[in-house]
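Have a look at the structure below, then the notes.
Naming: A, B, ... by sequence-line order, numbering from 1 per chain.
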Number of protein chains: 2
Amino acid sequence: MAESTQHVGNPWEGVAIAAVPDRLLAGDLVDEIEFLAARARSLGSAHANAMLAPLDLKVRSYSVLAVVCGGSEPSQRELADFLRLDPSQIVSLVDTLEQRGLVSRAADSRDRRSKVIRATAAGMELYQRAAAAVRTAENTSLAALDGPERDQLRVLLRKIAFG
Amino acid sequence: MAESTQHVGNPWEGVAIAAVPDRLLAGDLVDEIEFLAARARSLGSAHANAMLAPLDLKVRSYSVLAVVCGGSEPSQRELADFLRLDPSQIVSLVDTLEQRGLVSRAADSRDRRSKVIRATAAGMELYQRAAAAVRTAENTSLAALDGPERDQLRVLLRKIAFG
DNA sequence: CCATATAGTTGAGATTGTCAATGATAATTT
DNA sequence: AAATTATCATTGACAATCTCAACTATATGG
């Protein structure tokens, strides 16, 4: 405990991460990239969710907002494929974002089955703050890696996440 | 399509992976390591689950079996911390593995609250086959990476997954 | 025109995540 | 030693997520 009593309360400080005895690190699982990715992602999203909570977002809703704020005007189907979620989940995610006035559904002139999702001004504004929060969270999650290592990791993950 | 009509049916061939339009790859999300890890893991576990299905396992139950088969004789609490699952989830996972005769609960002589989980012979045997299936799945998931790249990725992920 | 496929939506059922409470035991304090 | 506090496995409740099967409206190909 620091001497200061002031309680700034960085949200990610509340994230509990249990230590793992060396004995368990001897198994084969720690050589499996998928397992490592799953654990890394679990730790990462715990931090990110904690940082996003004050903004009433989770990594889930944040990721939708992030794509939409990219300006690519995606359809819901495209959001589903990109985020690897079921189309029905996109419906409810866009529903709540739309109710909050962060996002809008517009008719697609070329395909009237499809809807174009766009960010509103409020959506863009909230996204800016959310992105900053996520960057902070990522920074703590990746504390063990220096800059070049993070770049390497990004490149490698991008290769397997997309063709 | 090959000329042969024989239908070997590698399970992972049934995994549908939708292509993503370049337009969406312009956003900021593809620079976020956590997002990339989430997508990579989603693709990976789809493949792995498909390969494990014939063995009546999922990545979930497989990961428990894998740790137990590492011979470290973990307690359920240790399994929970290692796999980042709630202790109550470990209870039901161990329950079904135990009912299938793959794993056993034994009293811990040094702490009678705790239980030591061990693999049975049948458990070890199934694990061997499951591990092979997972290796095959990982091989398809990581097709975009060569050997050295996979090693790099493993090292980087291990750094953030564990201290 | 007809058949087939696709986008968004709704709803159901299974799986997973989260959390609180409990009984047994351990560890710590008084 | 007794009392308090903490930890482990377990149970149960509830929310969130996943998965799938319909359905309507529209598009596309023959």
### Message
So, OP1 or OP2 of C/dT6: does either fall under 4.0 Å of a side-chain N or O from A/R110?
### Response
no

### Query
Between C/dT18 and B/S88, is there an OP1 or OP2 to side-chain N/O distance shorter than 4.0 Å?
no

### Task
Describe, in one word, how the ring planes of A/F162 and A/F82 are oriented to each other, choosing from parallel (under 30°), tilted (30 to 60°) and perpendicular (over 60°).
parallel

### Query
Any idea which of D/dA9, C/dT25, D/dT26 is nearest the B/D111 side chain?
C/dT25

### Task
For the residue pair B/S42 and A/R84, confirm or rule out a side-chain donor-acceptor distance under 3.5 Å.
yes

### Message
On the nucleotide C/dT25, are OP1 or OP2 found under 4.0 Å from the side-chain N or O atoms that B/S114 carries?
### Response
no

### Query
Which is true for A/I90 with a 4.0 Å heavy-atom rule: it touches a base, it touches only sugar-phosphate, or it touches nothing?
nothing

#### Entry: Side-chain touch B/L157/A/L153, heavy atoms, less than 4.5 angstrom
yes

## Note on the structure
Of the candidates C/dT25, C/dG8, C/dT9, the side chain of B/R112 sits closest to C/dT25

### Task
Verify whether one side chain among B/H47 and B/S141 offers a donor that lies under 3.5 Å from an acceptor in the other.
yes

### Query
Can you tell which of C/dA5, C/dG8, C/dT15 lies closest to the side chain of A/R77?
C/dG8

### Task
Taking only the side-chain heavy atoms of A/R105 (C-beta and beyond), determine which of D/dT17, C/dT9, D/dA9 contains the nearest atom.
C/dT9

### Query
DNA chain D: B/N49 or A/K58, which has the more 5' nearest nucleotide?
A/K58

### Message
Please classify the nucleic acid contact of A/R84 as base, sugar-phosphate, or nothing, using heavy-atom distances under 4.0 Å.
### Response
nothing

### Query
Hey, does the side-chain of B/R113 have a donor or acceptor N/O within less than 3.5 Å of a partner on the base of D/dT7?
yes

### Task
Measure from the side chain of A/Q89, starting at C-beta and using heavy atoms only, and say which of D/dT17, C/dT9, C/dT25 lies closest.
D/dT17

